[in-house]
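First the structure, in the form of structure tokens, and then the observations on it.
Side chains are part of it too, since the values below use all heavy atoms of this structure and drop only hydrogens, waters and symmetry mates. We name chains A, B, ... by the order of the sequence lines, and we start the count at 1 in each one. This one's a predicted model, so the numbers in the text were calculated from it and none came from an experiment.
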There are 2 protein chains.
Amino acid sequence: MATRTSIGAKRERARRNTAESILDVAEQLVQSRGFNAFSYADIANTLGVTKASLHYHFPGKAELGHALLARYARRFADALAEIDRGRLPAPDRLAAYAELYATTLRRRRMCLCGMLAAEFATLPKPINEAVVAFFDDNERWLMSVLEQGRADGTLEFEGPAGDTARMIIGSLEGAMLVTRPYGDVGRFNTTVAALLASLEPQA
Amino acid sequence: MATRTSIGAKRERARRNTAESILDVAEQLVQSRGFNAFSYADIANTLGVTKASLHYHFPGKAELGHALLARYARRFADALAEIDRGRLPAPDRLAAYAELYATTLRRRRMCLCGMLAAEFATLPKPINEAVVAFFDDNERWLMSVLEQGRADGTLEFEGPAGDTARMIIGSLEGAMLVTRPYGDVGRFNTTVAALLASLEPQA
DNA sequence: GTCTATAGGCAGATAGAC
DNA sequence: GTCTATCTGCCTATAGAC
């Protein structure tokens with residue numbers, strides 16, 4: 001049968017590249033405008049193809065969104081793994097983590113999951129579940145950094161590490177959210193500096 | 001001429017009440033679903049009137065949104081004035097401020113301006129300007145509380161009060177944003193507790 | 001003030017040719 | 001894989017009767 005597994009490797013690569021291009025454009029649109037504020041027509045016009053063509057790669061908007069989120073979560077996990085690879089002290093890992101957000105903001109984008117969290121009440125269930133999973137992953141990673149930092153004395157905070165992890169995620173997402181209307185990254189940076197400083201051990 | 005000033009006071013009141021009801025429903029929809037995810041049809045169905053009737057009170061969605069924001073900002077300012085009226089110590093004022101957010105969250109809503117900040121790139125200019133003005137107002141109020149607290153020794157923080165004010169706004173907005181997918185207000189409360197504790201003078 | 005009726009556009013989606 | 005053509009439905013908005 002003429003399934004995808006039987007088509008040539010070259011074509012398969014082309015198909016994947018098209019799909020990736022679609023996700024690239026969709027990602028930019030969702031992160032800057034929101035899931036409910038972009039259409040297949042937007043992507044089609046940007047790429048110079050028709051809407052029908054997009055439906056070949058992603059049957060519907062829900063599937064596109066889910067694929068988008070899966071890729072985003074994978075990349076984010078890779079970025080965290082890359083930070084870990086450096087074997088940096090805990091405070092430096094936190095700074096590197098915050099820098100991931102700053103980079104997104106400099107591209108005038110909101111965190112994908114922060115945007116989707118705002119639209120949560122209107123999204124398909126699979127997308128919602130992936131959003132929660134994303135935050136859970138972030139929380140776990142931060143918890144381990146925080147606990148390590150507290151153990152070796154490079155970080156200082158009270159209560160469960162999970163609470164502080166949640167506070168960090170919330171603060172970074174919120175700083176992004178409020179900063180974007182001002183278009184001023186400095187606004188974000190001062191908040192991050194204050195946040196990281198509050199976790200430093202008292203002299 | 002048959003302007004609004006010439007109609008009876010009774011009718012004028014009825015008109016205002018209808019307009020208020022429309023704003024009530026719109027507010028609920030925007031805060032839970034977003035400006036781009038509700039329609040005149042949603043409001044009309046909820047109130048049991050037709051879409052055309054809504055257009056009598058608010059010519060278009062942009063005007064409705066602007067009126068909504070104006071009312072919200074006015075009420076928020078009133079709430080802040082009410083907090084000031086109590087002449088509480090600075091830390092208590094901050095707690096009361098955070099409680100405004102908590103109340104919104106308990107009603108399963110996002111801060112109106114936090115939601116609109118997410119959708120910023122897609123909104124009419126007048127709405128965007130009102131969103132920025134709202135955050136500016138909040139920042140000013142927090143600044144004065146923070147400075148007063150630092151002066152009388154009830155609060156402790158480093159750097160300009162404006163930076164800490166921005167951090168507080170961002171943290172509260174972000175905590176709301178991330179908490180909503182979990183539907184667990186406790187998540188929000190732990191962040192707020194940590195935030196307020198970090199501003200307490202060191203023992 | 002609220003209604004019916006309707007315009008005009010864009011959304012997401014599908015069928016079928018190439 | 002991408003196209004043209006088309007469907008259906010919902011959107012914002014308006015005209016005009018009551």
Side-chain angles (χ1 to χ4, degrees), chain A residues 1-26 29-30 33-68 119 122-124 126-127, chain B residues 1-26 29-30 33-68 119 122-124 126-127:
Chain A
M1 57 189 195
T3 64
R4 280 181 190 157
T5 51
S6 70
I7 64 178
K10 205 166 178 179
R11 274 190 198 172
E12 173 65 12
R13 219 176 308 128
R15 192 186 63 78
R16 260 207 275 266
N17 286 344
T18 303
E20 288 291 300
S21 302
I22 293 168
L23 290 181
D24 289 341
V25 176
L29 287 168
V30 177
R33 303 173 54 87
F35 189 80
N36 291 320
F38 87 95
S39 70
Y40 267 41
D42 293 328
I43 302 177
N45 292 337
T46 303
L47 292 179
V49 297
T50 60
K51 290 185 291 172
S53 176
L54 303 184
H55 282 285
Y56 168 79
H57 296 277
F58 303 98
K61 209 180 170 184
E63 288 84 357
L64 200 172
H66 194 251
L68 189 57
E119 300 179 289
T122 71
L123 301 176
I127 294 189
Chain B
M1 58 190 198
T3 64
R4 279 178 190 158
T5 50
S6 71
I7 64 178
K10 205 166 179 178
R11 273 190 198 172
E12 174 64 14
R13 217 177 307 126
R15 191 186 64 79
R16 261 207 276 268
N17 286 344
T18 304
E20 288 291 300
S21 301
I22 293 168
L23 291 180
D24 289 342
V25 176
L29 288 168
V30 177
R33 303 173 56 85
F35 189 80
N36 292 320
F38 87 94
S39 70
Y40 267 40
D42 293 327
I43 302 177
N45 292 337
T46 304
L47 292 178
V49 297
T50 61
K51 292 182 287 173
S53 176
L54 304 184
H55 282 284
Y56 167 79
H57 295 279
F58 303 99
K61 210 181 170 183
E63 289 83 358
L64 199 171
H66 194 250
L68 189 57
E119 300 178 289
T122 71
L123 301 177
I127 294 189

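Map B/Arg13 and B/Ala52 each onto its nearest nucleotide of DNA chain C; the residue landing nearer the 5' end is B/Arg13.
For B/His55, the listed nucleotide lying nearest its side chain is D/dT14; candidates were D/dT14, D/dT2, C/dG1. The side chain of B/Tyr56 lies closest to C/dG1 when the candidates are C/dG1, D/dC3, D/dG1.
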**Request:** Dump the intermediate steps for side-chain contact (heavy atoms from CB on, under 4.5 Å) on B/Tyr56 and B/Thr18, then the final yes or no.
**Result:** CA-CA 11 Å; B/Tyr56 167 79; B/Thr18 304; over 6 Å; no
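The ring-ring contact (aromatic ring centres under 6.0 Å, His included) test applied to B/His66 returns no partner, not counting sequence neighbours. Partners of B/Glu20 under the salt bridge (charged side-chain N to carboxylate O under 4.0 Å, His left out) rule, at least two apart in sequence or in another chain, are B/Arg71, B/Arg75. With sequence neighbours excluded, the residues satisfying ring-ring contact (aromatic ring centres under 6.0 Å, His included) with A/Phe38 are A/Phe35. Judged as a side-chain contact (heavy atoms from CB on, under 4.5 Å), and not counting sequence neighbours, the contacts of A/Ala62 are A/Pro124.
Per the geometry, CZ belonging to B/Phe58 stands 18 Å off C1' belonging to D/dT14, to the nearest Å. A straight line from CG of A/Asn36 to P of C/dC10 spans 18 Å, rounded to a whole angstrom. In this structure, the CG atom of A/Asn17 is 11 Å from the P atom of D/dT2, given to the nearest Å. Per the geometry, NE2 belonging to A/His57 stands 16 Å off C1' belonging to C/dA13, to the nearest Å. Between the P atom of D/dT12 and the CG atom of B/Asn45 lies a distance of 12 Å, rounded to the nearest Å. Atom-to-atom, CG of B/Leu54 to P of C/dT4 comes out at 13 Å; the value is rounded to the nearest Å.
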All N/O pairs under 3.5 Å across the protein-nucleotides 9-11 of chain D interface:
from, atom 1, to, atom 2, distance (Å)
D/dC11, OP1, B/Ser39, OG, 3.1

Quick one: side chains of residues 41-52 of chain A, donor-acceptor pairs under 3.5 Å with protein atoms, not counting sequence neighbours, listed by atom name and distance.
from, atom 1, to, atom 2, distance (Å)
A/Asp42, OD2, A/Ser39, N, 2.9
A/Asp42, OD2, A/Ser39, OG, 3.4
A/Asn45, ND2, A/Ala41, O, 3.2
A/Thr46, OG1, A/Asp42, O, 2.9
A/Thr50, OG1, A/Ser53, N, 3.4

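Proximity of A/Thr50 to the phosphate of D/dC3: a side-chain N or O atom is located under 4.0 Å from OP1 or OP2.
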